[in-house]
Amino acid sequence: MAKSITECDNDADNRIALMITGMIGGAVIPAAINWTVAMAAMGAGVVSIGKCYGFSLTEEGGSDLVKQFFLSAGTTWLMLNVGAKFFSAIAQFTGIGYVAGAALDAVISAAQAYAVGGCAKAYFRKKYQGQNISKDQLGEIFRDKFKEYKDKNN
């Protein structure tokens, strides 16, 4: 028997919470490793969210969707937020502001995970219902979810 959309949504919300927790924990990892670990973890999170709705993806397919979600947010948005991660990496690397850099990275990484999770949930929810979602809609969801998380946690 197929799961109800509400059950799928609840399962997806639980997976998103795990993604956020993982990104916050990952902020203490040195910056050179952090980004690779974060992308892999978010890819695994997308695969996991897809399973909530009955879809199977490879880890590579999940990572490809993560890239699409980031790109759908727009180049300007992407450069501003990647720049913020770069700034936090410099602060961590120099040792001058390791704690502050890690704290900034935790907020940015968690907001990115929340946005990626929100996009994955919307994407798979639409597919579950036999519909499609446009790149523009995904971009709007990504930016809105990122801002929503940062506004709640700053």
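Everything numeric here is computed off the predicted structure, so don't read it as measured data.
A salt bridge does not link K51 with D11: every distance from a Lys NZ or Arg NE/NH1/NH2 to an Asp or Glu carboxylate oxygen is 4.0 Å or more.
Put simply, OH on Y123 and CG on L138 are 8.5 Å apart, with the number rounded to the nearest 0.5 Å. A distance of 9.5 Å separates OH in Y128 from CG in D9, rounded to the nearest 0.5 Å. Atom OG of residue S109 and atom CD of residue Q112 lie 5.5 Å apart, to the nearest 0.5 angstrom. Atom OH of Y149 is separated from atom CD1 of I16 by 12.0 Å, given to the nearest 0.5 angstrom. How far CD1 of I108 is from CD1 of I24: 12.5 Å, rounded to the nearest 0.5 Å. Taking CE of M19 as the start and CG of N14 as the end, the distance is 13.0 Å to the nearest 0.5 Å.
V46 and A120 make their closest contact through CG2-CB, 4.1 Å (heavy atoms, listed as atom of the first residue, atom of the second, distance). In plain terms, the two heavy atoms of T58 and V47 that are nearest each other are O-CG2, 3.3 Å. Nearest heavy-atom pair across K145 and Y114 is O-CD2, 3.1 Å. For A113 against M42, the heavy-atom pair with the smallest separation is CA-SD, 3.8 Å. Contact between S72 and R143 at its shortest, heavy atoms only, is O-NH1, 3.6 Å.
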**Study point:** Worked check of side-chain contact (heavy atoms from CB on, under 4.5 Å) between I133 and I141
**Key:** CA-CA 11 Å; I133 190 165; I141 292 166; 3.7 Å; yes

Practice item. Just do the side-chain contact (heavy atoms from CB on, under 4.5 Å) check on K126 and N132 with the steps written out, would you? Key: CA-CA 6 Å; K126 286 285 191 183; N132 291 317; over 6 Å; no

Review point. So K121 and D13, side-chain contact (heavy atoms from CB on, under 4.5 Å) or not? Walk me through it.
Key: CA-CA 8 Å; K121 180 179 173 182; D13 289 341; 2.7 Å; yes

Point to revise | Residue pair E7, N10: steps toward the side-chain contact (heavy atoms from CB on, under 4.5 Å) verdict | key: CA-CA 5 Å; E7 289 174 300; N10 289 337; 5.7 Å; no

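Q129 CD: more than 12 foreign heavy atoms inside a 6.0 Å radius.
Not a single donor-acceptor pair under 3.5 Å links the side chain of R15 to the backbone N or O of I49. Within the 3.5 Å criterion, the main-chain N or O of C52 finds a donor-acceptor partner in the side chain of K3. In this structure, E140 contributes its side chain and Q137 its backbone to no donor-acceptor pair below 3.5 Å. A donor-acceptor contact shorter than 3.5 Å links the side chain of T21 to the backbone of A17.
The cationic atom of K127 (NZ for Lys, CZ for Arg) does not lie both less than 6.0 Å from the six-membered ring centre of Y53 and within 45° of the ring axis.
Put simply, the side chain of L65 reaches to within 4.5 Å of the side chain of Q68, judged on heavy atoms.
For F124 and F55, the distance between ring centers is under 6.0 angstrom.
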